[in-house]
Amino acid sequence: MTPQEDKRTTNGINAEITRRRLLQVGGTGALAIGLGGVLAACGGGSSGGGATTGGGGGGGGTPRRGGTLRIGASGGGTSDTLDAQNPLLTTDFIRVDALSEQLMIMNPKTGAPENALAELVEANKDATEWTIRARQGVTFHDGKPLTADDILYSLTRIEKEEFPGLVSLGPINLKAAKKLDSRTLRIPFEEPYSIFPEGLAGGFTIRIVPVGYNPKNPVGTGPFKYKSFTPGQQSTFVRFDEYWQHGKPYLDSLVVIDFADETAQVNALQSGQVDLIDQLSYPSVAPIEGNGGKLVISKSAGFTNLAMRVDTAPFSDVRVRQALRLAVNRKQLNEQVFGGLGAIGKDVFGSISPAFKSLPPREQDLEQAKSLLKQAGQSNLHVTLYAAPIAPGAESIPSVFVTQAAEAGVTVKVVTQQPTQFFAQSYGKVPFAISFWTVASYLVQSAQGVAKGAPFNEIHQENAQWQSLLEKAFRTLDVAKREEISEELMMFDYEKGGYIIPVESPTIEGMSSRVNGVTENITGYPVNGSGGMQNIWLGG
């Protein structure tokens, strides 16, 4: 997809940010990953879940202070960056998370927004104005206290540089912001925007930096301070003793080492060269466990999807869309692509939203699929699916879909492209293509991907009734009532939408037996989600 005109949409999203760039940096779009395997993903706070295998990474006993954690990170290269607000690769996200923090983060178990650097995020009665108060007692690595000036500077920098975090800020009017006191900021919005906290929590690149921030010598509020950085190779960080979470971090230092592929990562872990590796595929599970290592497997809410343009034949016929959804054997696809470790999808995004639970599971029904295609005059349907290695399972899902669709009498031709070609020529243009998204609430993702003027409307939906309901949700501050509206919107998507979301992708992290404090996280972001680096400790 090429950049669109430089303008604000009706939902306040800057449409100039290309989908490819957002996919690379994860402003609730998605996260660039090492794409050699079939898995990867997308924060967590001071608490976390703990579903693990091989003994788990959560660890028992009392956390110990001291030691150096060596992370073997996937990907990386000469484009590596330390910029807290513009990370590009998985390695960047790990560094950024060590150095800086968000105003709000996602609960690692539920995805609900929680305060981090913010002590208060509160709306006026119609959600056209939001007040943010910085947490008291937070200091930057240079000893300067966190203030309202830093918050305004950080958000303005994102807007000025058009960093991908802007997409999660909605119709914000930073030029009219007012400082109420040294820690408190009041910001008006051009339109009601009740989901601002969800945007702050899910906008993983909305990081707070000090006034005058220099990404070449980065200062933040995170648990670790910058020591050294060699792009494409290695970076080192040391404990920030004045960190606001008392007693943390536990580690003395953190070393992030770039690895070109997963095989090299696993070999480094087994040889003792590193302590923890990220973004693993299912085939790496057995070798790590067999060598005495531990695994943390998170069922993240990110997913790789197939997008059908609802404005283009044959997908403009809802019966065709329904038939292709019914052709998918989701359990089988999960087993074949993700080793059964993913969560079954329902063709609607925003699974962290409570309303998602009201949607019934969608089972394979080949006879109904054939019947719908016959009604649509498409009994011998032939379609072309454009794909690229851009996401977890993106190379495997198309081949499985080809086989399953054939059972319903549909012939699918897969055209595989390199990512650069795919985003330049196919994404958002062709009738049927692969894509992927990381975790976000339903309304945040709707604003980005389906709403009128959304920058990443992959399915090209324009429905006045649906749009009216979405705008009503943006005006609704009552959470229960907003979920009722979301449920109605989701049911529309479930019955008439243009997405096939068969499985939500798992995230796998492997580690030595001495690594503790790594827990399951719904975001899938490495390492330990967004905001959990301070909880890791070494024992044994």
Side-chain angles (χ1 to χ4, degrees), residues 43-48 62-66 82 84-85 95-108 112-123 130-158 165 177-187 196-197 199-201 203-215 217-227 237-254 517 519 528-537:
S46 56
S47 61
T62 304
R64 302 179 185 179
R65 289 177 66 88
L82 291 171
Q85 297 175 330
R95 288 186 291 268
V96 162
D97 206 47
L99 293 169
S100 62
E101 296 175 296
Q102 300 169 231
L103 289 168
M104 303 189 77
I105 58 174
M106 285 186 171
N107 179 284
E114 296 180 344
N115 288 339
L117 290 183
E119 180 180 278
L120 172 75
V121 178
E122 185 176 72
W130 284 86
T131 300
I132 302 174
R133 183 182 304 133
R135 184 182 294 274
Q136 191 168 16
V138 177
T139 60
F140 288 99
H141 298 154
D142 59 2
K144 177 187 173 297
L146 171 65
T147 68
D149 291 327
D150 300 306
I151 295 174
L152 181 58
Y153 172 84
S154 298
L155 300 181
T156 301
R157 183 173 185 263
I158 291 171
K178 294 182 180 179
K179 188 171 73 169
L180 304 184
D181 58 45
S182 63
R183 291 192 294 122
T184 310
L185 195 65
R186 182 167 292 163
I187 308 175
F196 185 48
L200 289 176
F204 300 105
T205 60
I206 304 178
R207 301 273 170 165
I208 301 304
V209 297
V211 174
Y213 175 72
N214 177 9
N217 187 23
V219 170
T221 63
F224 296 93
K225 299 188 297 182
Y226 166 69
K227 181 178 181 181
F237 310 92
V238 296
R239 179 199 289 129
F240 178 36
D241 290 326
E242 286 73 44
Y243 185 55
W244 61 274
Q245 292 189 30
H246 182 70
K248 298 179 181 180
Y250 300 118
L251 300 168
D252 288 334
S253 58
L254 177 70
T519 54
N528 224 19
S530 179
M533 198 77 73
Q534 68 276 14
N535 299 317
I536 302 175
W537 56 281

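None of the values given here were measured: they were computed from a predicted structure.
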Once rounded to the nearest 0.5 Å, what's the spacing between atom [atom1] of [X] and atom [atom2] of [Y]?
| X | Y | atom1 | atom2 | value |
| --- | --- | --- | --- | --- |
| Tyr243 | His141 | OH | NE2 | 8.5 Å |
| Leu82 | Phe237 | CG | CZ | 6.0 Å |
| Thr131 | Arg186 | OG1 | CZ | 4.0 Å |
| Ile187 | Ile151 | CD1 | CD1 | 8.0 Å |

Any side-chain heavy-atom pair from [X] and [Y] closer than 4.5 angstrom?
| X | Y | result |
| --- | --- | --- |
| Leu155 | Ile206 | yes |
| Met533 | Leu251 | no |
| Asp241 | Arg239 | yes |
| Leu200 | Gln102 | no |
| Arg135 | Leu117 | no |
| Phe196 | Ile132 | yes |
| Ile158 | Arg207 | no |

Practice task
Can you sort out the partners of Lys178 under side chain to side chain donor-acceptor pair (under 3.5 Å), two or more places apart, ordered by chain and number?
Solution key: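 Result, side chain to side chain donor-acceptor pair (under 3.5 Å) vs Lys178: none returned.
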Exercise for the section: With sequence neighbours left out, write down each residue that passes side chain to side chain donor-acceptor pair (under 3.5 Å) with Lys179, or none if nothing qualifies. Expected result: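 Residues passing side chain to side chain donor-acceptor pair (under 3.5 Å) with Lys179: Asp149.
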Practice task
Measure from the side-chain N and O atoms of Ser154 to the backbone N and O of Val209, and report whether any donor-acceptor pair falls under 3.5 Å.
Solution key: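 Side chain of Ser154 to backbone of Val209: a pair is present.
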Practice task
Check for a donor-acceptor pair, side chain of Ser182 on one end and backbone N or O of Thr147 on the other, with a separation under 3.5 Å.
Solution key: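 No, Ser182 side chain to Thr147 backbone: no donor-acceptor pair under 3.5 Å.
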Return the minimal non-hydrogen interatomic distance between [X] and [Y], and the atom names on each side.
| X | Y | value |
| --- | --- | --- |
| Pro210 | Tyr153 | O-CE2, 3.2 Å |
| Arg183 | Leu146 | CG-O, 4.4 Å |
| Asp150 | Phe140 | OD2-CE1, 3.4 Å |
| Ala148 | Leu185 | O-CD2, 4.2 Å |
| Pro218 | Tyr213 | CB-OH, 3.7 Å |
| Val96 | Ala84 | CG1-O, 3.5 Å |

Exercise for the section: Carefully, step by step, assess Asn528 and Thr519 under the rule side-chain contact (heavy atoms from CB on, under 4.5 Å). Expected result: CA-CA 6 Å; Asn528 224 19; Thr519 54; 3.6 Å; yes
Handout entry: Worked verdict on Thr139 versus Trp244 for side-chain contact (heavy atoms from CB on, under 4.5 Å)
Key = CA-CA 7 Å; Thr139 60; Trp244 61 274; over 6 Å; no
For residues 219-227, run the donor-acceptor check on the side chains, cut-off 3.5 Å, and write out each pair with its distance to 0.1 Å, sequence neighbours left out.
from, atom 1, to, atom 2, distance (Å)
Thr221, OG1, Glu101, OE1, 2.7

